[in-house]
Structures are given as structure tokens and as C-alpha cells.
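By convention here, the first residue in the shown sequence is residue 1. Predicted model only: the values in this text are computed from it and were never measured.
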Amino acid sequence: MIGAGNREIHLASRPHGWPTAENFRLVETDVPEPGPGQLLVRNRYMSVDPYMRGRMNDVKSYVPPFALDAPLDGGAVGEVVAGEAEGFAPGDTVLHGLGWREYALVDAASARKVDPDLAPVTAYLGVLGMVGLTAYAGLLEVAGMRPGETVFVSAAAGAVGSLVGQIAKLRGATRVVGSAGSPAKVARLEALGFDAAFDYHDGPVRDSLKAAAPEGIDVYFDNVGGDHLEAAISALRPHGRVAICGMIAQYNDAEPPAAPRNLSLVIGKRLTLRGFLVGDHAGLRDEFVREMAGWLREGRVSYDETVVDGIANAPAAFLGLLRGENLGKMLVRL
């Protein structure tokens, strides 16, 4: 061991319903020493994401659940401080999947070197990383958005949703509508170029969406589920498509949610509802990075970040994310 001085966030207990601070534990450990093919990385930023809520449940899913009394994990970017692995050297900045700790012992094969001179390192956790690829692949490949269509995005002021709306406009959508959780977020969506936006607290989502898109929608990018999905099914025109990225409105429900009450409309309208995981679309990464990097250079895409300081505050950042307290990507600076 290199010595003491590492802090990690462990899952202390599994939440039932909404997580609380008591479900997490701050643990001090030694800084590990890398072996062959390993890198010791001093994490600088880590990501908290809605999908992590599902991994706190001990249920079978597309990824294993978090283990109790062990560090959580997730996207992180940091600096290599030690290790002997081909293609890496101390001082390199790397992207990897072992967040929720100050020092990470990373297999070199699972680390990706990034250039901090090309973009802020946080961009590799957001607009140029999994978040951006999720928006790009979900809108263009999963939903198959075409120029001239109308697009509705829920949780549109979040990291993924805000990019979906901007990409839709850049790729020729005629009208882009977003929902968000506060007047300030609605104003931000309008500043980002959304044609219409509404606060879902102001009334039934179905009514707000009908007012914002009176002629209906062709594509719905779903981050929320629940009443948003039900409203979208009503608003979709024949042969409309839904890319189901997440259903954050239901992640903390202790009981199974009721299905949308109007699912029968899927038949007559010949709708397509398709869930997706970003990992299934890795083949788009190079195309996505080229196009997104160009948009960023030209100032045609903007992105927001909410940054919380300190590993000890990572649980609070995650809880804040679930409550919608973030604008754009929620990050923790370590």
C-alpha cells in the first residue's frame, strides 16, 4: 500500500423508496498500489447519474447492483499518479468507471486517455461523453428523427435532455418542445433554442404539451415516464416514435407504477416505443465526437454543469439530482 489518505463512499444500506443520507457511508482507506496493467488515478471529477438509483436495489438488471459495504462506482475523470501500463504515463488524464472515491485503482484496459487541452475535463463526463452520446444516439438512431419533425423532450434542462433539444434543432426539427421543473429551467430551455417549454408543475402535462405542440409530435425522448409518457402517447401522430432513455419519475416508487392509461393508442397510431442503453450504440462514438466537437467549436451547442465540492458531499449531490436541483450535468469535484 502507498499509505493512508483515500476516502470512498460506500453503500451502507439499500433504500426503500427515496434514498436518504443514511444509505451512504464515508470510509477512509489506504491508497492502493498499482500492479501490472493497473493505473492509480487521483480522481478530479465524478459523475452522479439517475441510473445509479436502480443499481442500489438488489434486483436483476442490465448491470449488477451495487454491493453493500463497498464503494459505489460511476464515471470519473482524473490524473494518473502511478502505474506501468503501455500507452499511459503519470500525468495523463483518463476517463474511467471508478468514481465515488478519491483514488481509484483502474485496469488500464478500461481507462481512456483524454486531452485536457481540447476540452475542459468535465466535458468528457458530459457533452463529449456518455451523456452526449446518449442524446445523440437516442434521438437520431433509436427514434430516427427526421428533418421537419416535431420533438418533445422531458427533463429537458437535464444533462441529456438539453442536448437532445439542441441536436434536434441542428438536425432540422421544425419544432422542439421541452418540459422542466421550474421557471428558471424553462427560461434556460428557451435560451438554448427550444421553440416552446413548460413547467410541468403548472398543470397537467397533457394540457401543457397540447398547448405547446397543438398539431402533435413525431418524436418523444423520454427521461421521465409516468404522466409525461402518457401525455406523449396522446400527442404523437401516426407512426410516431418514443426513445425511452429513463423514467426518473418512477425510480423511487416503492410500489410498481400504473402503466399509462392510454397504451391502446399505440396500436391505432402504429407507434414505436423503444428503450435503449447507450452502450449498445458505441459504434456511433467516433461520428458523434466529430460532429459534437464541431458544434462546440462553432458555438452552436451549449451545456450546463452543476458542480458540488468534496467526496463527502457526493451523496447529497446524488440526492439533489433525484430532486431535480441540478441544471445540466451534476458533477462532484474531488
Side-chain angles (χ1 to χ4, degrees), residues 5-15 19 21 23-35 37-83 85 88 93-114 121-122 124-126 129-131 133-134 159-160 246 248 251 277-280 282 307-322 326 329-334:
N6 189 27
R7 294 187 297 169
E8 306 172 337
I9 299 294
H10 289 202
L11 187 63
S13 59
R14 299 197 184 279
N23 296 126
F24 304 90
R25 182 182 300 118
L26 179 65
V27 177
E28 294 190 9
T29 68
D30 291 331
V31 178
E33 186 170 344
Q38 294 182 318
L39 305 171
L40 179 63
V41 179
R42 175 61 171 94
N43 286 334
R44 298 303 180 192
Y45 290 89
M46 56 165 272
S47 174
V48 293
D49 300 283
Y51 80 87
M52 295 174 176
R53 174 62 187 87
R55 293 190 66 193
M56 293 176 184
N57 298 330
D58 189 12
V59 296
K60 184 177 181 180
S61 185
Y62 61 91
V63 288
F66 292 128
L68 290 175
D69 301 313
L72 295 90
D73 57 55
V77 65
E79 180 183 338
V80 175
V81 295
F88 295 91
T93 301
V94 296
L95 180 69
H96 63 90
L98 295 180
W100 294 87
R101 65 204 82 185
E102 291 174 327
Y103 285 88
L105 191 60
V106 180
D107 289 335
S110 63
R112 182 161 64 92
K113 188 157 53 174
V114 297
V121 295
T122 55
Y124 296 105
L125 292 171
M130 180 184 72
V131 166
L133 181 58
T134 299
V160 173
I248 195 170
Y251 288 169
L277 301 176
V278 66
D280 295 336
V307 180
V308 173
D309 281 308
I311 184 70
N313 293 317
F318 176 70
L319 298 178
L321 171 76
L322 295 181
N326 58 300
K329 186 78 188 79
M330 179 70 93
L331 298 166
V332 179
R333 181 164 40 213
L334 304 176

Inset, instruction - Enter the distance from Lys113:NZ to Leu95:CG here, rounded to the nearest 0.5 Å. - result: 13.5 Å
Legend entry - Residue pair Glu33 / Gln38: nearest heavy atoms and the distance that separates them: O-OE1, 4.5 Å
Legend entry - Shortest non-hydrogen contact from Asp30 toward Asn6: O-CB, 3.8 Å
Inset, instruction - Taking the side chain as every heavy atom from C-beta outward, state whether Val307 and Tyr45 have any pair of such atoms under 4.5 Å apart. - result: yes
Legend entry - Nearest heavy-atom neighbours spanning Leu39 and Ala85: CD2-CB, 3.9 Å
Inset, instruction - Please tell me if the side chains of Leu72 and Met52 come closer than 4.5 Å, counting only heavy atoms from C-beta onward. - result: no
Inset, instruction - Can you see which heavy atom on Pro15 is nearest to which on Pro19, and at what distance? - result: CB-CA, 3.7 Å
Inset, instruction - Give a yes or no answer on whether the side chain of Asn43 reaches the backbone of Gly99 with a donor-acceptor pair at less than 3.5 Å. - result: no
Inset, instruction - Consider only side-chain N and O atoms of Asp107 and His96, and report whether a donor and an acceptor are under 3.5 Å apart. - result: no
Inset, instruction - Begin from the C-alpha positions of Glu102 and Arg7 and carry the test salt bridge (Lys or Arg N to Asp or Glu O under 4.0 Å) through to its verdict. - result: CA-CA 6 Å; Glu102 291 174 327; Arg7 294 187 297 169; 3.0 Å; yes
Inset, instruction - Applying salt bridge (Lys or Arg N to Asp or Glu O under 4.0 Å), name anything that partners Arg14, two or more places apart in sequence or on another chain. - result: none
Inset, instruction - Report yes if the side chains of Leu331 and Leu125 come closer than 4.5 Å at any heavy-atom pair, otherwise no. - result: yes
For residues 308-319, run the donor-acceptor check on the side chains, cut-off 3.5 Å, and write out each pair with its distance to 0.1 Å, sequence neighbours left out.
unit_1	atom_1	unit_2	atom_2	d
Asp309	OD1	Arg333	NE	2.6
Asp309	OD1	Arg333	NH2	3.2
Asp309	OD2	Arg333	NH2	3.2
Asn313	ND2	Asp309	O	2.8

Report, one line per pair, each donor and acceptor closer than 3.5 Å where one atom sits in a side chain of residues 53-60; sequence neighbours left out.
unit_1	atom_1	unit_2	atom_2	d
Arg53	NE	Asn252	OD1	2.8
Arg53	NH1	Asn57	OD1	2.9
Arg53	NH2	Gly17	O	2.7
Arg55	NE	Pro64	O	2.9
Arg55	NH1	Asp73	OD1	2.7
Arg55	NH2	Pro64	O	3.2

Legend entry - Contact summary for Ala67 and Leu11, nearest pair of heavy atoms: O-CB, 3.8 Å
Inset, instruction - State, with a plain yes or no, whether a side-chain heavy atom of Val81 is found less than 4.5 Å away from one of Val41. - result: no
Legend entry - Minimum-distance pair of heavy atoms, taken over all atoms of Leu98 and Arg101: O-NE, 3.5 Å
